[in-house]
Amino acid sequence: MIVYHLVAITIAYFIDLVVGDPPDWPHPVRWIGMMISSLEKRWNHGKSKRWKGVLMLLFVLLFVFSIVMIVVLIGYKIHPLVGVGVESVVIVTTIAQKSLKEAALEVYQPLKSGDIVEARTKLSYIVGRDTDQLDESEIARGTIETVAENTSDGVTAPLFWALIGGAPLAIVYRATNTCDSMVGHMNERYQAFGWASAKWDDVMNWIPSRLTGMIMLLGKRPERTDHKQAWTILFRDAKKHPSPNSGWGEAAVAALLGIQLGGRNYYKGMVSNRAKMGDPLGPIQSDHILKTNAILARTVFLFLLLLWLGGMLVEWAISRF
């Protein structure tokens, strides 16, 4: 069964590279989001909000897992190739390498041509911070941080869970991530209700985020330092991020490019000082966006190879014992 998962993962990887996520195609994440929104409106009030949030998370995850599991099992019952095909279609909806790359390029192109206003607008589509006063370096920083952080969230983490449990666990990961994105906020409305979603998202990202950061460093020679210092930066700075997982991608990219990420951001006019990642060995420039996209592509490919290696080792061990 692991081999089937690996083949489905590989097919999904190539489909995403070519097709990406066309905006007019039906997408399970939209349906999951509608379900979360409906449950949140019904349950996020009164007493026991934390337990209602736990119930919401369990309901969403069990629902999507059950639906996908049934569809996948029917596919494999018809024929293994049908099962692999079904898994591939589901898994490709959980990853977003092409979309992430294109979103970064949407910012890079006007930034490179000198259209700062358009670059600020495009950046505002992919970050939560205020963008209307950012200069070229800060626009590039916001884009780089988005790609670095979402390399794991948007691509390698769902592939990791697809290896563990096929399409059903890949969709469970994506549903978890969607729950966290929608209700896992530390504010008055969601702090209690979204607690379970935020914590479970941290759990599911713990291993993939660390693997991703380390693979980033294994896949590229650092530009302004050596490998030893790059690894030092990764383990020194990754833990500074307010998220237990997001810092791994950002710290790795900062170490590879010899730049410093993090720092001061504004959200609705309110200042937020983020922990700094990396050493400022050079200024952040627009071309670093292209280099970060290259790191994304290389990392995902190497991660896929790692999944094949790990999966085949498990298959070998099972056959031996």
Side-chain angles (χ1 to χ4, degrees), residues 1-16 19 21 25-40 43 53-97 152-184 196-208 211 303-304 307-308 310-315 317-319:
M1 197 67 180
I2 292 177
V3 173
Y4 290 158
H5 294 337
L6 287 169
V7 173
I9 288 168
T10 305
I11 293 172
Y13 166 80
F14 284 108
I15 291 174
D16 179 65
V19 179
D21 181 21
W25 284 19
H27 201 295
V29 170
R30 298 189 186 99
W31 304 331
I32 293 169
M34 292 170 61
M35 186 192 314
I36 295 167
S37 179
S38 176
L39 293 173
E40 189 272 334
W43 293 349
V54 172
L55 182 61
M56 185 276 292
L57 177 66
L58 289 174
F59 179 86
V60 170
L61 299 190
L62 288 173
F63 181 83
V64 298
F65 177 84
S66 300
I67 294 296
V68 173
M69 178 62 80
I70 291 170
V71 173
V72 168
L73 288 176
I74 291 172
Y76 277 110
K77 189 171 183 179
I78 295 171
H79 193 277
L81 290 179
V82 176
V84 169
V86 171
E87 286 211 82
S88 300
V89 171
V90 174
I91 293 169
V92 79
T93 68
T94 69
I95 60 177
Q97 180 179 347
S152 178
D153 286 3
V155 195
T156 57
L159 292 182
F160 172 85
W161 288 107
L163 174 66
I164 303 299
L169 275 193
I171 202 70
V172 163
Y173 171 80
R174 182 51 60 214
T176 298
N177 195 247
T178 306
C179 285
D180 179 54
S181 297
M182 294 183 66
V183 303
S197 295
K199 294 300 181 183
W200 186 241
D201 185 73
D202 289 344
V203 171
M204 294 201 78
N205 276 298
W206 200 91
I207 295 175
L211 285 176
F303 197 90
L304 179 63
L307 293 182
W308 269 97
M312 296 312 295
L313 283 174
V314 171
E315 283 281 0
I318 292 173
S319 67

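Being a predicted model, the structure only gives us computed values, none of them experimental. Along the sequence shown, the residues carry numbers beginning at 1.
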pair V71-I74: side-chain heavy atoms closer than 4.5 Å: no
Non-hydrogen side-chain atoms of V64 and P28 separated by less than 4.5 Å: no
Heavy-atom neighbours of I207 CD1 exceed 12 at 6.0 Å: no
Pairwise side-chain contact, R174 with V29, heavy-atom cut-off 4.5 Å (strictly under): yes
Donor-acceptor under 3.5 Å (H5 side chain, I164 main chain): no
Side chains of S88 and V84 in contact at under 4.5 Å (non-hydrogen atoms): yes
Candidate pair T10 and F14, rule side-chain contact (heavy atoms from CB on, under 4.5 Å), full reasoning: CA-CA 6 Å; T10 305; F14 284 108; 3.6 Å; yes
Side chain to side chain, D202 and W206, heavy atoms closer than 4.5 Å: no
Exercise: do E87 and Y76 side chains pair donor with acceptor under 3.5 Å: yes
Inter-residue atom distance F63.CZ - I32.CD1, 0.5 Å rounding: 9.5 Å
Within-4.5 Å side-chain heavy-atom neighbours: M56 and C179: yes
Audit row: L159, I91, side-chain contact (heavy atoms from CB on, under 4.5 Å) steps and yes/no: CA-CA 8 Å; L159 292 182; I91 293 169; 4.2 Å; yes
Minimum side-chain heavy-atom gap P208-W161 below 4.5 Å: yes
Minimum heavy-atom distance M204-T176, with the two atoms named: SD-OG1, 3.4 Å
Heavy-atom side-chain proximity of W308 to L163 below 4.5 angstrom: no
Candidate pair T94 and Y173, rule side-chain contact (heavy atoms from CB on, under 4.5 Å), full reasoning: CA-CA 8 Å; T94 69; Y173 171 80; 6.0 Å; no
